[in-house]
Amino acid sequence: MNLFENVRLALEGLRANKMRALLTMLGIIIGIASVMAISTLGSAMTGSVTKTMDKIGGKNIMVSLSPKNYDTQSTLQEEDLITQDELDAFRSTYTDQIKAISFSTGMGSGQLNSGFIHKDVSITGASPDYGLVNNINLVQGRFISDRDMDGTRNVIIIDTTLRNNLVGVDGDVIGKEIQVDTKSTNETYTVIGVYEKLVIDNPLFYMGDDTRIECFIPITTAKSLNPDTTNLNGYENFTIMATSNTDSAAFALTTKEYFVKGLGALSDFTIQAESLEAMASEATGMLATLSLGISVIAGISLLVGGIGVMNIMLVSVTERTKEIGIRKALGARNSAIRSQFIIEAIIICLIGGIIGVGLGSALGIMGSTLMKFPTSPPFLPMIIALCFSMAIGVFFGFYPANKAAKLDPIDALRYE
Amino acid sequence: MMRNKIIEMRGIVKSYYLGTPNELEILHGIDLDVYEGEFLSIIGASGSGKSTLMNILGALDRPTKGHYYLDHLPMENVRDDGLSQIRNKKIGFVFQTFNLIPRSTALKNVALPMLYGGVPRSERSRRAAELLQLVEMSGRSHHRPNELSGGQKQRVAIARAMANNPAIILADEPTGALDTHTGRLVMDIFHRLHQEQGKTIILITHNAELAEETERTIRLRDGSIVDNRMNGHYQLEACNESV
């Protein structure tokens, strides 16, 4: 008796009782379908979160000085600021973990004038690494260089929308001079690069349509133009880009401890270091809780489904007592009878599992499409679901099958 | 000429324990020899122990005491799986109520013992078709039992009993559920198998007329053999042999 023969026998048995088999499968179908639906939805959500994190820099740790106590007015002292030397030391201590460090400072909004074109823009002073750390996608020209920094040059990087406004889609804007008026400044900049604005199409990260046009100038230029910035020798905030194999949440803590020590106990300020990854995992944690809840319900459904399978197999064994007796009289071993019934139970569960996987994937895809997540049914949960449904068959089929196998052939033959 | 002893029973006792001290002894020390190619009948009223004897002969049950050699094989200490194998290879059962699998066709029913005997699929179908031809049921090979008459079902059952070419065919009241005419046809098939194929056949019946047709009849009463004699014209042959 090989497996194939057993499967054939089991299918024959099921064909004789189609309706009953289908009803028995229902519990398994519902259980597997709900697990499958939530895992399809879940993987679509985490997949899109990961993708968005990659786009906006999931490995980034934002470090900033913040007052210890918000109630009292505290003013930043020069000794509170993190100096370039401190940063260099930090960087050489954790070379393996740090990919880049960028600095930026907001210059506020202003108006750009070029010929007859007037546009509202916001200006950010940025360091050369800012492009890398914040995933700035340059489509033309270059980003800020060290020489721009050293020379506090009046150079500017604009976005594609602005370029299209100024010179059209195909026009060359590099080298063009534009004038930007802010509250306190009135400067002319040379365009050195054009970047494409990041589009975040993830409903979990939706923050309203951002129509602002952001332009970047060297941070040194920004500081020199900003009369509020009294000192040039320190930073109150910066962004660390961790290497891809670093646990950025853990490294954020390390960073915090490192700089808190440097601050001294007397300072009114402390260091905040937050990793984007940790913030995102908070969002996905919610999903995990939801998944867990649905999994528990699915588990109960599978348990009840399994008991249903066991019940129907027990009925089947009793109904076919005579048949079992005949088979035994003709030379079927106990093991052959046992495997016949176990395989029948497995097949009920497997067919239920296949229907459940199909149904659940369809539901999951429908759900994620409605919520605008790009999705494809996850392969691994499918396999796990099918294996699990087979395991249910084995577990709940064993007792009835064993009962059948242990029947006394004489009693079974006499059974009417 | 020494004939091959296919069954040898010595002092077979079967008792049931319905909780001490209620021990119920059904068979009280049966001695029985059956030779290859014999057509034997076991006759007895209900309650005489013939079903119990048949169960032991058919390796469906174990004796409480005594020795049983089937085809020279000692049956003591054979495990359940071993008994299954013996039933599969050495014994062909024919029952009063046919006992065909209702969901399977005649062909599949005949092939079933070969399935448990590990015969490959194509070989099973070939041999099953051949056996159905032997009992003149070829035309009905794809019919299910509920589409067959009683006599036809019994012919399929006989073909099934022959499937693994067993050492003995055990027929338990094979005509009991049939009318006289179809019963006759079934008996004719047994005679043919006996004469043409030299099969050893044991017929269990309470019908003295049918028993009369066989070579030798054993009469059971209250769990003991009370009579063991050659029938009709076979008697003469046996006398000649013993001389």
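Here is the naming used below: chain letters follow the sequence lines, and residue numbers restart at 1 for every chain.
- Of the atoms belonging to B:T97, it is side-chain heavy atoms, and not backbone ones, that fall under 4.5 Å from chain A.
- Contacts of B:L83 with chain A are absent, with no heavy-atom separation under 4.5 Å from either backbone or side chain.
- For chain A, the nearby part of B:L112 is the side chain; its heavy atoms alone come within less than 4.5 Å.
- Options A:A16, A:S335, A:G325, A:A329 differ in how many heavy-atom pairs under 4.5 Å they form with chain B, and the most are formed by A:A329.
- Contacts of A:K328 with chain B are made by both backbone and side-chain atoms, with heavy-atom separations under 4.5 Å.
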Does the pair B:F93 and B:F95 meet the rule for a ring-ring contact (aromatic ring centres under 6.0 Å, His included), with working shown?
CA-CA 6 Å; B:F93 286 101; B:F95 301 96; 5.5 Å; yes
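- B:Q85 and A:R333 share a donor-acceptor pair across their side chains, judged by distance under 3.5 Å alone.
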Stepwise, does the salt bridge (Lys or Arg N to Asp or Glu O under 4.0 Å) test hold for A:E344 with A:R320?
CA-CA 13 Å; A:E344 198 168 312; A:R320 283 147 76 182; 3.1 Å; yes
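- For B:D61, the parts lying near chain A are the backbone and the side chain together; criterion is any non-hydrogen pair under 4.5 Å.
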Using the rule given for salt bridge (Lys or Arg N to Asp or Glu O under 4.0 Å), can you reason through A:E323 versus B:R103, listing the C-alpha separation, both sets of side-chain angles and the distance that settles it, and then say yes or no?
CA-CA 10 Å; A:E323 178 191 320; B:R103 283 180 285 108; 2.8 Å; yes
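- Ranked by non-hydrogen atom pairs under 4.5 Å with chain A, the options B:I101, B:L100, B:N164 are led by B:I101.
- Residues A:T40 and A:P378 are in side-chain contact: their nearest non-hydrogen atoms beyond the backbone lie under 4.5 Å apart.
- By the 4.5 Å heavy-atom criterion applied to side chains, B:R62 and B:D80 are counted as neighbours.
- With respect to chain A, the highest number of heavy-atom pairs below 4.5 Å among B:I86, B:N99, B:N55 belongs to B:N99.
- When heavy atoms are compared at a cutoff of 4.5 Å, A:R15 does not approach chain B at all.
- Proximity to chain A is limited to the side chain of B:K108, based on heavy atoms less than 4.5 angstrom apart.
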Intermediate values then yes/no, side-chain contact (heavy atoms from CB on, under 4.5 Å), A:R20 and A:V315
CA-CA 11 Å; A:R20 192 166 85 180; A:V315 170; 4.0 Å; yes
